[in-house]
Amino acid sequence: MTSSPAPSGFRLLAVGQGLSWFGDAFAPIALAVAVLAGGGSASELGLVLAATMAARLAGTLVGGVWADRASPGGIMVASDVVRALSALGTAGYFATGQDSVPLLCGLAAVTGGAAAFFGPAFVSLRPLLVAADRRHAANATLNILQNSAFILGPAAAGVFVAWAGAPWAFVVNAASFLVSAGTVAAIRVDAPRAARVGLLAELREGWHEVTSRSWLLAGLLAATAYHAAFGAVTVLVDVIAVRDLGGPTALGWISAASGAGGLVGGLLALRVPPSRPLFVGWPCVALMSLFAAAFAWPGHLAVVIGAAVVAFGGLMYFSVCWDTALQDGVPHSVLARVSSWDILTSFVAIPAGNALAGPLAHTYGTGRVILVAAVVMALASFAPMLVRGSRELRRTTSVPAPEPALATLG
């Protein structure tokens, strides 16, 4: 049978990912500053972000299949190494003064493609490292660590980029990927592994697990509309922050406020786990529309920072509840595949939103586009509440024992 979860394994994962998340906070600020301050446009920044997300989406389903087939730990290590190399390549791109949007998009696509395999594997590994009744607390703990890193990371990144320049920030990001790879490589845990029956059959099995749960299918469909709007917002808020609200330092403080809100949301989830997680969680996601709208009106940095705290607090509270619902409600043998469908259907619209942000803002105005996006985000957040399964889903404290282990992860 599967061995009992080892606390040391979860500690290794938590420490490694905490440091990696700190390094991850440097990359988006460095990218926005390097592109926009270097004379690039919002459309160019949007294309680079779209290339990252498009590559991630293209490989996500395959990544989910392999995380259910093989060692999630091994997949995570390989992904981290590839992303470290692409981050170093991006540092070299900006350090040598290159001016090739296709080349920059290619480096971004490598990063996104590697992340496509990392994400489902990470979802698969986490519940193996803690007892079933500790999953909600473990998810909240990882959430708290992530947002603690995002408090320190963006503020440090804003100062660091202003002092050392964007290329060195990408070097920091590369180092953080290597830290993650080292800690994951040290984890040893047994896990169930199903027999291989073919890529398409395994993909269909994962999709069947999604469609057989009304709360899950409704959530994924609503998230598609939500992220179409959010994709445009992620580009335009960077443009407004860099150009109108104070440059790299303002962008750093907004990101830090987002992390602080996420930290509050994670702490609240740890202390107050709801009995009906989606009934409480989905309205919390709607708070993100306030953050988007604050950039258009009143458009002051202090208001944007306050809205970021509230909005990301709600988002992260929901994230903990959603992660636990997946881990409790989906058999581990198909968890990575279900998570890959989750990633794909939730984020498939983000590249389109990224790419369209610049042209739409040029045609209709940045403020108008952000306000429309905020309305779409709010409506999409409440839509799953129309489904009875979302309203009535209750958190469980007992989960069936895992299947016999067929492989060892490391």
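Note that the coordinates shown come from a computational prediction; the quantities given were computed from them, not determined experimentally. All heavy atoms count here, side chains included; hydrogens, waters and symmetry mates do not.
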Review point. Got a sec, which residues hit ring-ring contact (aromatic ring centres under 6.0 Å, His included) with Phe94, two or more places apart in sequence or on another chain?
Key: Phe170
Practice item. With sequence neighbours left out, write down each residue that passes ring-ring contact (aromatic ring centres under 6.0 Å, His included) with Trp207, or none if nothing qualifies. Key: Trp341
Point to revise | Any pair counted as side-chain hydrogen bond (donor to acceptor under 3.5 Å, both in side chains), so long as it reaches residues 215-225, sequence neighbours left out | key: none
Check your understanding: Does a donor on one side chain sit under 3.5 Å from an acceptor on the other, for Ser86 and Thr111?
Key -> yes
Test of understanding: with side-chain contact (heavy atoms from CB on, under 4.5 Å), list the residues that count as partners of [X], not counting sequence neighbours.
X: Val62; answer: Trp66, Phe117
X: Leu221; answer: Leu217
X: Leu57; answer: Met53, Leu344, Phe347, Val348, Pro351
X: Ala361; answer: Leu236, Thr366

Any non-hydrogen side-chain atom of [X] less than 4.5 Å from a side-chain atom of [Y]?
X: Thr234; Y: Asp238; value: no
X: Pro120; Y: Arg337; value: no
X: Leu335; Y: Pro127; value: yes

Practice item. Could you tell me which residues satisfy side chain to side chain donor-acceptor pair (under 3.5 Å) with Arg388, sequence neighbours excluded, listed by chain and number? Key: Glu392
Got a sec, which residues hit salt bridge (Lys or Arg N to Asp or Glu O under 4.0 Å) with [X], two or more places apart in sequence or on another chain?
X: Asp80; value: Arg83
X: Asp323; value: Arg126
X: Arg134; value: none

**Study point:** Which atom of Thr183 lies closest to which atom of Ser180, heavy atoms considered
**Key:** OG1-O, 3.0 Å
Exercise for review: Return each pair, listed once, that meets ring pair (Phe, Tyr, Trp, His ring centres under 6.0 Å) where at least one residue sits in residues 261-293; pairs must be two or more places apart or across chains.
Suggested key: Trp282-Phe318, Phe291-Phe295, Phe291-Phe312
